[in-house]
Amino acid sequence: PAFADESANGVALVKINGARKFEANIVVQTEDISITNPQIPNAVPDQVLLVGDEYNLQDVKFTSHSNLTTGKDVLSAPQLDDLYYQLKEIYHAMTKAHHTDGETIYDIEFIVDRSGEILLKQARPLSSGRVPIQPDPDEGKPTFDYQLNNHQWNSLVFHLGAAQLT
């Protein structure tokens, strides 16, 4: 569901690539317009690839631009940098919590609120089978399993505090 006062929403597929670099393929659209089932015919989102090392974002490559933002990128350069950092941190936390290796791709959904703050909605490993969850008991993070299209998915869900569901 959408959150109140979204200025953008998106999804990122994150992994460690063959060159051992952190890589995030991001699809993001303005407002609360769905990136998968847009209510506006022919809406095109921004799609951008972020690549970097453990410390810094090193490369930003746009493969498409939103046709709803009149020539502006959906996310600013500082927002892309912040998103890169957040995705990298959650990727490392997820691989630890799920006991997966660097080959696992994670699907991470996010929104940007009206103040410009990036909030992570949820994250899950992409897998055609069951990925065992063995969270660190000291971490105290909730985990959930659910069925989707005959696949078992596992996810860590993050509380967004002040964000309100609409």
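Note that the structure is predicted; figures quoted are calculated from it, not measured.
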Engineer: Would you confirm whether S7, through its side chain, and V112, through its main-chain N or O, come within 3.5 Å as a donor-acceptor pair?
Structural biologist: yes
Engineer: Does D73 reach the main-chain N or O of S76 with its side chain, forming a donor-acceptor pair under 3.5 Å?
Structural biologist: no
Engineer: Applying side chain to side chain contact (heavy atoms under 4.5 Å, CB included) between E23 and each of L49, V14, L87, L13, report the one that passes.
Structural biologist: L49
Engineer: When you look at I108 and L120, which way does the side chain to side chain contact (heavy atoms under 4.5 Å, CB included) test go after all the steps?
Structural biologist: CA-CA 7 Å; I108 303 172; L120 301 179; 4.0 Å; yes
Engineer: Without swapping roles, check the side chain of R114 against the backbone of E6 for a donor-acceptor pair under 3.5 Å.
Structural biologist: yes
Engineer: Between D59 and K61, is a side chain to side chain contact (heavy atoms under 4.5 Å, CB included) present by the stated rule, with each step listed?
Structural biologist: CA-CA 7 Å; D59 195 17; K61 291 182 184 172; 2.9 Å; yes
Engineer: Do L50 and I35 sit in the same hydrophobic cluster, where Ile, Leu, Val, Met, Phe, Trp and Tyr count as joined when their side-chain heavy atoms come under 4.5 Å apart?
Structural biologist: no
Engineer: Answer whether the closest heavy-atom distance between the side chains of L83 and Q79 falls below 4.5 Å.
Structural biologist: no
Engineer: Indicate the atoms forming the closest heavy-atom contact of E54 with K88, along with that distance.
Structural biologist: O-NZ, 2.7 Å
Engineer: State the CG-CG distance between D82 and L75, to the nearest 0.5 angstrom.
Structural biologist: 10.0 Å
Engineer: When rounded to the nearest 0.5 angstrom, what is the spacing between CD1 in I90 and CZ in F110?
Structural biologist: 14.0 Å
Engineer: Under a 4.5 Å cut-off applied to non-hydrogen side-chain atoms, are H98 and T104 in contact?
Structural biologist: no
Engineer: Report yes or no: do I16 and I26 belong to one cluster of Ile/Leu/Val/Met/Phe/Trp/Tyr joined by side chain heavy-atom distances under 4.5 Å?
Structural biologist: yes
Engineer: Is a side-chain donor or acceptor of N17 paired with a backbone partner of A19 at a separation under 3.5 angstrom?
Structural biologist: yes
Engineer: Show your working on side chain to side chain contact (heavy atoms under 4.5 Å, CB included) between T63 and V48 and close with a plain yes or no.
Structural biologist: CA-CA 6 Å; T63 56; V48 60; over 6 Å; no
Engineer: Any chance you could measure E31, atom CD, to S66, atom OG, to the nearest 0.5 Å?
Structural biologist: 10.0 Å
Engineer: Under a 4.5 Å side-chain heavy-atom rule over Ile, Leu, Val, Met, Phe, Trp and Tyr, are V60 and Y84 clustered together?
Structural biologist: yes
Engineer: Identify the two heavy atoms, one from P45 and one from S64, that lie closest to each other, and give their separation to 0.1 Å.
Structural biologist: O-OG, 2.9 Å
Engineer: Is it the case that the side chains of Q29 and N9 hold a donor-acceptor pair, with the cut-off being a distance below 3.5 Å and no angle test?
Structural biologist: no
Engineer: Do F62 and D46 have side-chain heavy atoms sitting under 4.5 Å apart?
Structural biologist: yes
Engineer: State plainly whether one hydrophobic cluster holds both M94 and I118, where clusters connect Ile, Leu, Val, Met, Phe, Trp and Tyr through side-chain heavy atoms under 4.5 angstrom apart.
Structural biologist: yes
Engineer: Ignoring hydrogens, what is the shortest heavy-atom contact between V44 and N67? Give both atom names and the distance.
Structural biologist: N-OD1, 2.9 Å
Engineer: Using every non-hydrogen atom in the two residues, find where S115 and D113 come nearest and quote the distance to one decimal.
Structural biologist: OG-OD1, 2.7 Å
Engineer: Does K72 reach the side chain of H65, with side-chain heavy atoms less than 4.5 Å apart?
Structural biologist: no
Engineer: Answer with yes or no whether the side chains of Y106 and T95 bring together a donor and an acceptor at under 3.5 Å.
Structural biologist: no
